[in-house]
Amino acid sequence: MNELPQQLVNGLLLGSMYGLVAIGYTMVYGIVQLINFAHGEIFMIGGFGALTVYLYVLPDGTTMWIALPLMLLGAVIAATTVAVGAERFAYRPLRTAPRLAPLITAIGLSLALQQAVWAWYPDAKQSINFPEIEGGPFKIGDVTIQTGDIFLLIAAPISMAILAFFVMKTRTGRGMQATAQDPDTAKLMGINTDRIIVVAFALGAVFAAVGAVAYGLKYGQVQFRMGFILGLKAFTAAVLGGIGNIYGAMIGGLVLGLAETLATAYIADVPGMEQLGGQSWANVWAFVLLILVLLFRPQGLLGERVADRA
Amino acid sequence: MRQRSLIAITAALAAGALTLTACGSRDDDGGSDSGSGNKTVVIGVDAPLTGDLSALGLGIKNSVDLAAKTANKEKTVEGVTFKVEALDDQAQPSSGQQNAVKFVADKDVVGVVGPLNSSVAESMQKVFDDAKLVEISPANTGPTLTQGTDWQTKKVRSYKSYFRTATTDAIQGPFAAQYVYNDAKKKKVYVIDDKKTYGAGLAATFTDEFKKLGGKVVGTQHIDPETKDFSAVVTQVKSSGADVVYYGGEYPQAGPLSKQIKAAGVKIPLVGGDGIYSADFIKLAGAGGKGDLATSVGAPVEELPSAKEFVANYKAAGYKEAFEAYGGYSYDSGWAIIEAVKKVVEDNDGKLPDDARAKITEAVQNVSFDGVTGKVSFDEYGDTTNKQLTVYSVEGGDWKAIKSGTYTG
């Protein structure tokens with residue numbers, strides 16, 4: 001069996017998930033220059049929102065065709081509520097403070113959200129099983145696609161298309177672009193920047209929620225710490241793609257996912273690298289790639305120079 | 001003004017702290033001198049009580065608690081009441097070491113049961129040994145813990161205060177290899193481990209024996225235990241043509257790994273050690289986990305006659321969590337400490353001597369009694385003399401013992 005096509009698909013799937021979460025980092029950064037380190041936890045809350053709907057709202061044995069849209073809704077509601085709440089109570093009071101202050105708040109908030117879920121959600125002290133979609137796997141030539149991945153495969157491009165349409169074509173979307181370019185002038189032009197910032201947080205949370213449902217379906221479980229590592233990866237993806245650039249977030253995610261997968265599969269085959277291959281080294285290679293990109297293109301793959309704003 | 005109030009607060013705090021310490025020490029004295037001669041001593045428990053491995057950890061804690069309660073009820077040691085104090089190590093070596101320091105500092109602690117992870121044990125051994133406080137692990141299987149880093153060529157015991165009731169991976173890995181090659185008739189294995197002390201050690205001893213028997217290792221991988229995405233590894237397993245996967249590591253990763261392997265259409269069993277022998281593995285692996293195998297130390301606790309009473313008592317005590325893979329060993333570890341305290345107290349006219357810790361450690365070396373898991377005694381390295389192992393298979397949503405035996409090299 002030729003492994004490469006399957007590995008590429010594996011990488012793209014992993015990368016799409018990074019990309020979905022990275023959008024939240026990149027949008028919030030683009031507009032308020034805040035690295036929202038609690039975004040990984042927003043993602044985690046989305047997963048638990050979906051699980052809550054499945055376990056405690058829907059009757060037992062509901063078919064996934066009915067359950068999945070409702071779970072997605074639950075995920076989106078939970079994630080956006082927390083994200084908007086965080087913006088209102090944790091970040092807005094610090095909007096004029098030095099940049100380090102909201103960053104520290106974000107880290108604190110991230111820990112608080114983790115611990116809250118850990119302490120209050122029944123059974124969340126360990127991994128909790130996520131419902132599965134029956135059927136599959138599907139085969140296309142050498143490539144096997146698992147049932148749980150189909151959601152991700154469909155949801156990621158659709159989400160991107162909707163986002164692009166929103167940002168480019170709607171009033172609020174153009175308002176976001178304007179605020180990203182220059183918040184003060186945007187305000188003078190009559191744009192309600194406070195509202196725009198809330199929208200950016202909410203939108204990021206929606207995509208994180210979609211990513212979280214995809215995560216649950218793909219790996220069959222959620223846990224209160226799932227946002228930490230994935231959040232870091234998504235942040236890396238956002239930086240890799242050029243933080244502030246929405247398409248960059250998706251591209252960065254895909255590149256990162258592919259890099260990790262291919263490093264796992266092939267680095268150990270390179271002569272002299274036997275000790276540096278394997279999945280336990282995947283993160284190392286992902287970050288080597290990040291450093292290389294930043295050395296030669298400090299603004300990231302699709303980023304623009306922002307010298308005038310620094 | 002502001003400075004003055006700061007000073008006032010600091011002074012108040014300092015005074016409060018001093019008063020509390022004073023209270024503490026008075027209590028200690030009161031305890032040992034009390035006329036009835038009833039002294040309360042503490043058996044410490046160190047295990048992961050939260051996090052992914054907490055199912056195993058809580059089983060350990062409850063089982064030791066049951067041993068202490070039983071000893072108190074039956075007045076096993078005249079004039080001594082046992083209390084269990086459990087600290088959470090979150091499966092982290094650094095937390096384990098902090099807990100060890102805490103236990104050593106508490107004068108009432110006469111022995112500690114734990115930890116679960118071999119890597120955590122490494123960080124605790126010296127702390128306990130310096131204080132001559134006995135530590136008995138119900139679960140550590142890394143050979144180096146008792147026999148030193150060169151255990152394959154020259155066995156040296158590094159810490160006199162460390163014991164364990166679980167057998168080592170030097171036995172468990174090869175035992176699994178023999179079963180997989182001879183009984184399950186699998187010839188091509190893909191070996192995966194998590195690079196931790198336990199997982200890597202187990203995978204290595206398995207691989208050596210499997211090769212010796214004539215089996216072929218068609219691939220190896222090391223996974224990052226922090227990740228849930230094993231797709232790249234699964235693809236490699238698939239293309240390698242392996243007919244069995246051996247995983248050195250624990251169930252939080254083994255369950256999803258098994259699930260992802262089967263979901264990719266590769267219907268081969270995953271085999272692991274006692275680290276995956278948990279009900280949680282079955283939950284995480286899902287329906288595809290049927291037929292997966294695990295070896296675990298000792299005979300199946302539910303089937304030994306000596307264990308029936310333990311199982312019944314555990315149920316009667318009403319613990320929320322199951323006793324899991326190490327329940328029987330934890331009970332026996334706790335009981336070994338109780339037996340040692342009994343011996344020391346009896347030798348000292350019914351009272352705990354001043355150098356109780358050192359005496360208890362010596363006494364543990366010579367304990368011998370019929371425990372839940374069979375005969376409990378320790379060899380010159382602190383390892384259990386009970387070398388029995390069992391292979392379990394996932395059948396009908398539960399682990400079923402399919403072969404029990406003693407490993408012979």
Side-chain angles (χ1 to χ4, degrees), chain A residues 1-11 13-14 17-18 118-119 125-129 132 136-139 142-149 215 218-226 228-230 232-233 257-258 260-266 268 274-275 277-284, chain B residues 48-58 88 90 192-196 199-200 219-241 249 251-253 255-266 278-280 282-288 321:
Chain A
M1 158 188 174
N2 182 10
E3 222 180 275
L4 187 62
Q6 177 77 59
Q7 295 290 19
L8 291 175
V9 170
N10 292 343
L13 282 167
L14 182 63
M17 200 152 57
Y18 291 160
W118 177 84
K125 289 179 175 61
Q126 301 170 49
S127 307
I128 308 182
N129 275 2
E132 287 174 54
F138 299 90
K139 289 195 111 171
D142 269 348
V143 178
T144 308
I145 298 191
Q146 293 164 34
T147 334
D149 288 337
Y215 179 102
K218 188 170 167 53
Y219 302 129
Q221 49 168 297
V222 291
Q223 59 280 118
F224 74 97
R225 275 191 317 222
M226 72 193 236
F228 179 68
I229 298 280
L230 204 111
L232 274 185
K233 290 288 177 57
L258 279 173
E260 283 187 19
T261 307
L262 296 180
T264 303
Y266 298 111
E274 290 87 0
Q275 290 303 309
Q279 207 253 331
S280 52
W281 281 79
N283 289 346
V284 175
Chain B
L49 305 177
T50 60
D52 279 342
L53 291 169
S54 57
L56 295 176
L58 291 166
D88 183 8
Q90 298 165 352
I192 305 173
D193 71 59
D194 63 2
K195 276 199 165 176
K196 292 204 270 187
T220 53
Q221 259 288 359
H222 309 284
I223 59 148
D224 169 7
E226 292 295 322
T227 186
K228 284 285 180 290
D229 193 278
F230 304 122
S231 53
V233 178
V234 167
T235 302
Q236 289 192 314
V237 170
K238 191 175 179 181
S239 69
S240 72
Y251 64 84
Q253 292 76 40
L257 184 62
S258 168
K259 186 178 199 160
Q260 290 179 33
I261 289 173
K262 270 86 169 182
V266 193
S278 160
D280 280 35
I282 300 173
K283 268 191 239 156
L284 294 172
E321 306 88 2

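Each chain gets a letter, A, B and so on, in the order its sequence line appears, and its residues count up from 1.
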Visitor: Mind checking the CG-OG spacing from B:D224 to A:S280? Nearest 0.5 Å is all I need.
Guide: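 Going from CG on B:D224 over to OG on A:S280, the span is 7.0 Å.
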Visitor: Under 3.5 Å, is there a donor-acceptor pair between the side chain of A:Q126 and the main chain of B:S54?
Guide: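 No.
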Visitor: Looking only at heavy atoms, which two atoms of B:T227 and A:Q279 are closest? And how far apart?
Guide: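 Shortest heavy-atom contact: CG2-NE2, 3.0 Å.
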Visitor: Measure the NE2-OG1 distance between B:H222 and A:T264 for me, rounded to the nearest 0.5 Å.
Guide: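 With rounding to 0.5 Å, NE2 (B:H222) is 12.0 Å from OG1 (A:T264).
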Visitor: Locate the shortest heavy-atom distance separating B:S239 from A:E3; write the atom from each residue and the value.
Guide: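 Closest approach of B:S239 to A:E3: OG-OE1, 2.5 Å.
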Visitor: By a 4.5 Å heavy-atom criterion (distance strictly below it), what part of A:F228 contacts chain B: side chain, backbone, both, or neither?
Guide: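 For A:F228, neither part sits under 4.5 Å from chain B.
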Visitor: Looking at A:E260 and B:A232, would you say the former's side chain and the latter's main chain have a donor-acceptor pair under 3.5 Å?
Guide: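 No, because the side chain of A:E260 does not come within donor-acceptor range (under 3.5 Å) of the backbone of B:A232.
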Visitor: What part of A:D149 is in contact with chain B, defined as an atom under 4.5 angstrom from a non-hydrogen atom: side chain, backbone, both or neither?
Guide: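 Contact with chain B: none, neither part.
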Visitor: Please look at B:D194 and chain A and tell me whether the side chain, the backbone, both or neither of the residue comes under 4.5 angstrom of a heavy atom of that chain.
Guide: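 Neither; nothing under 4.5 Å.
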Visitor: Tell me, side chain or backbone of B:I192 under 4.5 Å from chain A's heavy atoms, or both, or neither?
Guide: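 The answer is neither part of B:I192.
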Visitor: For the backbone of A:Y219 and the side chain of B:Q260, can you confirm whether one donor and one acceptor N or O come within less than 3.5 Å of each other?
Guide: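 Here the side-chain-to-backbone pair does not exist.
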Visitor: Apply side chain to side chain donor-acceptor pair (under 3.5 Å) to the pair B:K238 and A:T144, showing each step before the final yes or no.
Guide: CA-CA 11 Å; B:K238 191 175 179 181; A:T144 308; 2.6 Å; yes
Visitor: For the residue pair B:K228 and A:I229, establish whether any side-chain heavy-atom pair is separated by less than 4.5 Å.
Guide: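 Result no, sub-4.5 Å side-chain heavy-atom pair not found.
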Visitor: Between A:Q221, A:K233, A:Q223, which shows the greatest number of heavy-atom pairs under 4.5 Å with chain B?
Guide: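 When all of A:Q221, A:K233, A:Q223 are compared, A:Q221 has the most.
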Visitor: Taking all non-hydrogen atoms of both residues into account, name the closest pair between B:D229 and A:K218 and its distance.
Guide: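 Scanning both residues, the minimum pair turns out to be OD2-CE, 3.4 Å.
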Visitor: Might you point out which heavy atoms bring B:A263 and A:P137 nearest each other, and give the distance in Å?
Guide: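 Answer, listing the atom of B:A263 first, then A:P137: O-CG, 3.3 Å.
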Visitor: State, to 0.1 Å, how close B:Q221 and A:G278 come at their nearest heavy-atom pair, and which atoms those are.
Guide: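 So the minimum-distance heavy-atom pair works out to OE1-CA, 3.1 Å.
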Visitor: For chain A, which of B:G241, B:G51, B:G286, B:G265 has the most heavy-atom pairs under 4.5 Å?
Guide: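 Counting heavy-atom pairs under 4.5 Å, the top option is B:G51.
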Visitor: Tell me, do A:L14 and B:S231 make a side-chain contact under 4.5 Å, heavy atoms counted?
Guide: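 SC-SC contact between A:L14 and B:S231 ruled out.
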Visitor: Counting heavy atoms not belonging to A:Y266, are there more than 12 under 6.0 Å from its OH?
Guide: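 Count over threshold, so yes.
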Visitor: Is any side-chain heavy atom of A:E132 closer than 4.5 Å to a side-chain heavy atom of B:K259?
Guide: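 Sidechains of B:K259 and A:E132: in contact.
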